[in-house]
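Read the structure below first, then the notes.
Naming: A, B, ... by sequence-line order, numbering from 1 per chain. Not measured: the values here are computed from a predicted model.
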Protein chains: 2
Amino acid sequence: MTEPTTRRDPETVSRFVEHFAAQLVEAGVPRMPARVFAALLASDTGTLTSAELGEQLRISPAAVSGAVRYLAQVHLVSREREPGSRRERYRVHSDQWYEALTNREAIIKRWEDALREGVTSLGADTPAGRRLAETLDFFEFIEQDVAGMMGRWRTYREQKYGGA
Amino acid sequence: MTEPTTRRDPETVSRFVEHFAAQLVEAGVPRMPARVFAALLASDTGTLTSAELGEQLRISPAAVSGAVRYLAQVHLVSREREPGSRRERYRVHSDQWYEALTNREAIIKRWEDALREGVTSLGADTPAGRRLAETLDFFEFIEQDVAGMMGRWRTYREQKYGGA
DNA sequence: CCTTAACTTCACAAATTTCTGAAGGAAGCG
DNA sequence: CGCTTCCTTCAGAAATTTGTGAAGTTAAGG
């Protein structure tokens with residue numbers, strides 16, 4: 001028999017990790033990055049080493065490496081070198097990843113570029129051109145408003161969780 | 001030599017369609033749905049038949065069928081039966097697709113469920129539990145705020161484009 | 001400076017996804 | 001009521017993606 005209400009029972013943690021990762025996968029995140037991210041989110045310190053990730057998720061060092069590269073690229077995790085060691089720690093910063101979520105910005109920007117080009121090439125005075133122009137307008141509106149939304153969140157958060 | 005500034009020059013249209021579709025693909029949309037959607041967006045009436053789509057994109061009827069099913073499922077296009085014909089028209093409604101974009105709701109809901117479960121199973125008083133709880137809080141906040149954002153867009157839009 | 005630990009890169013095998021051609025319905029039209 | 005048109009479904013070929021083992025790179029520690 002295990003302890004009554006085991007804290008950090010590996011199986012309980014694993015169940016959450018896999019379940020949450022599955023949701024991310026369904027939203028379009030590649031499997032390995034999703035699992036690594038979920039594992040970090042469920043860790044006590046918010047950091048794990050490559051070795052810990054590999055062991056916990058039963059994946060090769062290569063898979064960890066690939067997943068972390070992906071996550072770092074989209075700013076969902078940061079990498080830290082432990083001073084005086086070859087070990088690296090990967091960390092999920094709450095603030096950081098909220099921002100990343102709304103930072104589809106780069107993507108939106110390219111959508112906007114493509115739309116602008118479309119308006120020009122199809123003609124701003126054609127029905128199709130007008131449709132594209134309005135769509136472009138929508139994105140520009142959203143983009144601007146999302147910034148405000150994040151501001152409101154930070155305010156709300158500080159009040160509730162007590163600032164920095 | 002073709003006309004000076006040809007309206008709806010197929011090649012010009014095609015260039016936009018493929019370029020915009022490529023951006024969607026990069027954002028995670030499957031290729032065929034992306035191309036079909038872009039083609040509809042660039043059409044003058046905002047509607048195309050299955051045959052027109054197949055010809056314009058050089059894809060089989062089966063591919064059109066699959067793409068449309070996908071797009072309809074995520075509410076990016078609607079299907080209309082031409083009365084007295086076996087032909088179907090597929091349409092992109094501007095309003096409709098803006099809403100769909102922000103309607104990651106179903107997905108977010110499941111994320112929230114998974115997070116709630118995590119808070120409970122890992123313990124609300126553990127560091128990991130607290131992290132999950134704050135994340136959950138963020139999503140709940142956003143979800144609520146996005147509704148407001150869409151409201152502001154509709155207001156802005158009516159003013160600019162002159163209402164329904 | 002040599003050894004060794006830790007991560008990364010690369011080539012390939014396996015699994016998954018994507019698109020097609022062909023066969024199978026539904027619905028207008030005679 | 002049968003013919004025809006248009007769409008869908010399905011099995012499978014082709015392409016893409018994913019994860020691994022093995023070799024390579026960097027830097028700590030003796």
Integer-rounded Å distance: [N] [atom2] and [X] [atom1]:
{"X": "B:Arg69", "N": "C:dC19", "atom1": "CZ", "atom2": "C1'", "answer": "13 Å"}
{"X": "B:Arg89", "N": "D:dC6", "atom1": "CZ", "atom2": "C1'", "answer": "14 Å"}
{"X": "B:Leu57", "N": "C:dC19", "atom1": "CG", "atom2": "P", "answer": "11 Å"}
{"X": "B:Tyr70", "N": "C:dT17", "atom1": "OH", "atom2": "P", "answer": "13 Å"}
{"X": "A:Leu48", "N": "C:dA6", "atom1": "CG", "atom2": "P", "answer": "16 Å"}
{"X": "B:Tyr90", "N": "D:dC6", "atom1": "OH", "atom2": "P", "answer": "12 Å"}
{"X": "B:Leu71", "N": "D:dC7", "atom1": "CG", "atom2": "P", "answer": "16 Å"}
{"X": "A:Glu88", "N": "D:dA28", "atom1": "CD", "atom2": "P", "answer": "12 Å"}

- Is the side chain of A:Thr155 donor-acceptor paired with the backbone N or O of A:Gly151 at a distance under 3.5 Å, no angle test? yes
- Donor-acceptor under 3.5 Å (A:Arg79 side chain, A:Ala72 main chain): no
- State yes or no: do B:Leu53 and B:Val25 share one hydrophobic cluster built from I, L, V, M, F, W and Y residues joined by side-chain heavy-atom distances below 4.5 Å, directly or via other members? no
Do the charged groups of [X] and [Y] touch, with an N to O distance under 4.0 Å?
{"X": "B:Arg87", "Y": "B:Glu52", "answer": "no"}
{"X": "B:Glu134", "Y": "A:Arg157", "answer": "yes"}
{"X": "B:Arg110", "Y": "B:Asp113", "answer": "no"}
{"X": "B:Glu82", "Y": "B:Arg89", "answer": "yes"}

- The side chain to side chain contact (heavy atoms under 4.5 Å, CB included) partner of B:Arg91 among B:Leu48, B:Leu40, B:Val77, B:Thr47 is B:Thr47
- Task: Mark up nucleotides 10-24 of chain D, 5' to 3', with B wherever a protein heavy atom is under 4.0 angstrom from a base atom, S wherever such an atom reaches only the sugar-phosphate, and - elsewhere.
- Result: ---------SBB---
Check nucleotides 26-30 of chain C for protein N or O atoms closer than 3.5 Å to its own N or O atoms and list the pairs.
unit_1, atom_1, unit_2, atom_2, d
C:dC29, OP1, B:Gly84, O, 3.3

- Query: Within the structure shown, what part of the strands sits under 4.0 Å from B:Ser50 by heavy-atom distance: base, sugar-phosphate, or nothing?
  - Reply: sugar-phosphate
- Message: Using a 4.0 Å heavy-atom cut-off, does A:Arg79 contact any base of the nucleic acid, only the sugar-phosphate backbone, or nothing at all?
- Response: sugar-phosphate
- Mind checking whether A:Phe20 and A:Phe16 have parallel, tilted or perpendicular rings, split at 30° and 60°? parallel
